[in-house]
Amino acid sequence: MGERGSDFYDNDAVFQTYMERRQGQDNANDTLEKPVMLELIGDAAGKNILDLGCGDAGFAAELLGKQHKGLSYTGIEGSTNMVQAARKSVQGLNARIEQSYLEEWTYPADTYDLAISRLAIHYVKDVDHLFRSVYGALKTNGSFIFSVEHPVITSTLQPSGIRTNWIVDQYFVEGFREQEWLGGSVKKMHRSIESYYTALQQAGFRVEQLRESAPQRAFFTDEETYLRRQRIPLFLFLSARKLK
Ligand SMILES: C[S@@+](CC[C@H](N)C(=O)[O-])C[C@H]1O[C@@H](n2cnc3c(N)ncnc32)[C@H](O)[C@@H]1O
């Protein structure tokens with residue numbers, strides 16, 4: 001297993017399984033995660049956007065397609081498989097993809113209006129450092145909006161699959177926890193909600209919104225999946241602003 005979270009996605013079998021699931025009907029990303037991200041982002045027209053761990057950059061194509069007025073996009077991504085897919089997604093758009101680990105990229109100062117990250121930051125060990133880098137890269141009044149796997153999920157030690165119960169344990173013991181997922185072995189960083197919140201404040205941000213992935217019926221085609229998603233929150237979202 002590689003050193004950084006994105007190396008996991010360079011296992012070709014994992015990558016393929018991930019992409020299949022990511023596009024499956026009523027997948028958690030589209031039913032639970034994306035609607036909240038879109039709500040928090042609001043109007044992105046005219047913004048210079050930085051996307052941390054952009055994956056295949058399908059979101060860039062969507063944002064630039066919908067709200068293309070003056071919008072520019074930079075995606076940072078560590079996995080070669082993802083970078084290849086991302087460069088295809090953004091062909092012809094006002095977007096660029098840079099291959100780098102989030103921990104190692106040189107963040108330019110005062111450049112972006114909006115930094116986003118969808119389900120990538122729970123792979124990063126040192127969020128204090130990352131959040132300070134993002135803070136520095138934002139313009140005054142810029143915002144940082146991200147989703148992560150919810151801490152009640154990163155704290156369960158059960159194998160993945162359709163679960164019937166969850167054992168939240170060692171909640172306040174932060175650190176990498178290894179799990180079998182998508183046919184591979186991956187380390188995701190567990191930290192508490194309080195810890196994400198405080199790390200943002202310590203980096204200088206004013207935290208503006210905290211959301212969880214409460215399911216909204218309209219986004220599901222299948223009633224059973226909707227009911228199942230009421231059991232436990234899968235994702236946590238935070239929205240923060242750089243005031244000066
Ligand atoms: C679950 S995927 C989400 C992809 C995309 N944001 C989306 O929502 O479709 C997580 C992504 O973060 C990337 N990633 C994880 N850790 C990373 C790191 N340390 N540096 C750069 N990219 C990373 C992975 O390669 C993967 O593409």
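Predicted model only: the values in this text are computed from it and were never measured. Computation of the quantities below employed the complete heavy-atom set of this structure, encompassing side-chain atoms and omitting hydrogens, waters and symmetry-equivalent molecules. Remember, it's 1-based here, ligands and their atoms both numbered in the order they're listed.
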Problem - Partner residues of S79 under the side-chain hydrogen bond (donor to acceptor under 3.5 Å, both in side chains) criterion, sequence neighbours left out - result: D10
Please table the atom pairs, donor to acceptor, closer than 3.5 Å between any side-chain atom in residues 121-133 and protein atoms at least two apart or in another chain.
from, atom 1, to, atom 2, distance (Å)
H122, ND1, E149, N, 3.1
Y123, OH, Y9, OH, 2.6
D126, OD1, D128, N, 3.3
D126, OD1, H129, N, 3.1
S133, OG, H129, O, 3.1

Is there any protein N/O under 3.5 Å from an N/O of ligand 1, and what does the full list of such pairs look like?
from, atom 1, to, atom 2, distance (Å)
ligand 1, 6 (N), G53, O, 2.8
ligand 1, 6 (N), R118, O, 2.9
ligand 1, 9 (O), R22, NE, 3.1
ligand 1, 9 (O), R22, NH2, 3.0
ligand 1, 16 (N), S6, N, 3.3
ligand 1, 19 (N), E103, OE1, 2.8
ligand 1, 19 (N), E103, OE2, 3.3
ligand 1, 20 (N), L102, N, 2.9
ligand 1, 22 (N), G78, N, 3.2
ligand 1, 25 (O), E77, OE2, 2.5
ligand 1, 27 (O), E77, OE1, 2.8
ligand 1, 27 (O), E77, OE2, 3.2

Practice task
Give the ring-plane orientation class for F144 versus F205, where under 30° counts as parallel, over 60° as perpendicular and anything between as tilted.
Solution key: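 Ring orientation, 0 to 90° scale: tilted.
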Throw together a table of side-chain donor-acceptor distances under 3.5 angstrom for residues 233-244, partners on residues two or more places apart or in other chains.
from, atom 1, to, atom 2, distance (Å)
R241, NE, E208, OE1, 3.2
R241, NE, E208, OE2, 3.1
R241, NH1, N141, O, 2.8
R241, NH2, E208, OE1, 3.3
K242, NZ, D110, OD1, 3.2
K242, NZ, Y135, O, 2.9
K242, NZ, L138, O, 2.7

Handout entry: Under 3.5 Å: donor-acceptor pair, side chain of R217, backbone of Y226
Key =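 No; zero donor-acceptor contacts below 3.5 Å.
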Problem - cation_pi(R118, F59) dist<6.0 Å, angle<=45 - result: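 Yes, R118 lies over the aromatic ring of F59.
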